[in-house]
Peer 1: 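Quick one: the structure is below, questions incoming.
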Amino acid sequence: MIGSPYIHRFTVPPSAIDANGHVNNVMYVSWMQDVAIAHSDRTGSTALAQALGGTWVVREHTVEYLRPLFVDDEVELRTWIEDAQAVRSTRNYEFKQASTGKVVARGRTMWVFVDATSGRPRAIPSEVIEAFRAS
């Protein structure tokens, strides 16, 4: 693990509920992206990446759904960076229903660091990763 986990708590809004009466699967991916950006912003890594002419793009998302979430459920979403090598970084996520502490979903994203102008992959600058280690 690189740095400390980042934890975000929120309440499931009515807009996240699908025709089956529980959180739509697409919402988990959206929340994963939102919490990854919040974590990066909080550590200063986003600003460093931009200053160095880079940005992150998603190569792959995976989500394992274990239990449903419903409107007004309190959720604890935990994320951390598993590793960062060359141009790729793996980030993990764990969704817990706050009232029970039960894990309801797990996720993983493969991020690729790219040049902000060309969009081509480039080596992750050490300063960008060090910002996460210092958190």
Peer 1: Considering only NZ, NE, NH1 and NH2 on the basic side and carboxylate oxygens on the acidic side, decide whether R108 and E60 come within less than 4.0 Å.
Peer 2: no
Peer 1: Is it true that V103 and Y93 fall in one hydrophobic cluster, defined by side-chain heavy atoms closer than 4.5 Å?
Peer 2: no
Peer 1: What pair of heavy atoms forms the shortest contact from F70 to I17, and how long is it?
Peer 2: C-CD1, 3.9 Å
Peer 1: Please report the shortest heavy-atom distance between G44 and A131, naming the atom on each side.
Peer 2: C-CB, 4.5 Å
Peer 1: As an exercise, state the distance from OG of S4 to CH2 of W80, rounded to the nearest 0.5 Å.
Peer 2: 12.5 Å
Peer 1: Looking at every heavy atom in both A123 and V87, which two are closest together, and how far apart are they?
Peer 2: N-CG1, 3.7 Å
Peer 1: Does a side-chain heavy-atom distance below 4.5 Å link V128 with P125?
Peer 2: yes
Peer 1: Quick one, R122 and F113 - any side-chain contact, counting heavy atoms below 4.5 Å?
Peer 2: yes
Peer 1: Yes or no on side chain to side chain contact (heavy atoms under 4.5 Å, CB included) for L77 and E94, after CA distance, side-chain angles and deciding distance?
Peer 2: CA-CA 6 Å; L77 173 50; E94 183 178 74; over 6 Å; no
Peer 1: With a 4.5 Å limit on heavy-atom distance, are the side chains of V57 and V114 in contact?
Peer 2: yes
Peer 1: Considering the options I2, I81, D83, which one meets the side chain to side chain contact (heavy atoms under 4.5 Å, CB included) requirement together with T90?
Peer 2: D83
Peer 1: Using a 4.5 Å cut-off on heavy atoms from C-beta on, say whether the side chain of V23 contacts that of Y65.
Peer 2: no
Peer 1: With clusters defined by side-chain heavy atoms of hydrophobic residues (ILVMFWY) lying less than 4.5 Å apart, directly or transitively, does V104 cluster with V71?
Peer 2: yes
Peer 1: If a pair satisfies side-chain hydrogen bond (donor to acceptor under 3.5 Å, both in side chains) and one of its residues is in residues 37-55, list it, with sequence neighbours excluded.
Peer 2: H39-R91, S40-T46, D41-T46
Peer 1: Using atom types as modelled and distance alone, determine if a side-chain donor or acceptor of T109 lies under 3.5 Å from a backbone N or O of W111.
Peer 2: no
Peer 1: What's the spacing between L52 CG and I124 CD1 if we round to 0.5 Å?
Peer 2: 12.5 Å
Peer 1: Quick one: do V35 and I37 end up in the same hydrophobic cluster if we chain Ile, Leu, Val, Met, Phe, Trp and Tyr together by side-chain heavy atoms under 4.5 Å apart?
Peer 2: no
Peer 1: Are the side chains of R67 and Q97 in touch, meaning some heavy atoms are under 4.5 Å apart?
Peer 2: no
Peer 1: Quick one: side chains of residues 5-15, donor-acceptor pairs under 3.5 Å with protein atoms, not counting sequence neighbours, listed by atom name and distance.
Peer 2:
from : atom 1 : to  : atom 2 : distance (Å)
T11  : OG1    : E74 : OE1    : 3.3
T11  : OG1    : E74 : OE2    : 2.4

Peer 1: Let me check something: any side-chain donor-acceptor pairs from residues 24-34 under 3.5 Å, sequence neighbours excluded? List them with distances.
Peer 2:
from : atom 1 : to  : atom 2 : distance (Å)
N24  : OD1    : V26 : N      : 2.8

Peer 1: Which value, rounded to the nearest 0.5 Å, describes the distance between K102 atom NZ and K96 atom NZ?
Peer 2: 12.5 Å
Peer 1: Once rounded to the nearest 0.5 Å, what's the spacing between atom CZ of F95 and atom OG1 of T79?
Peer 2: 9.0 Å
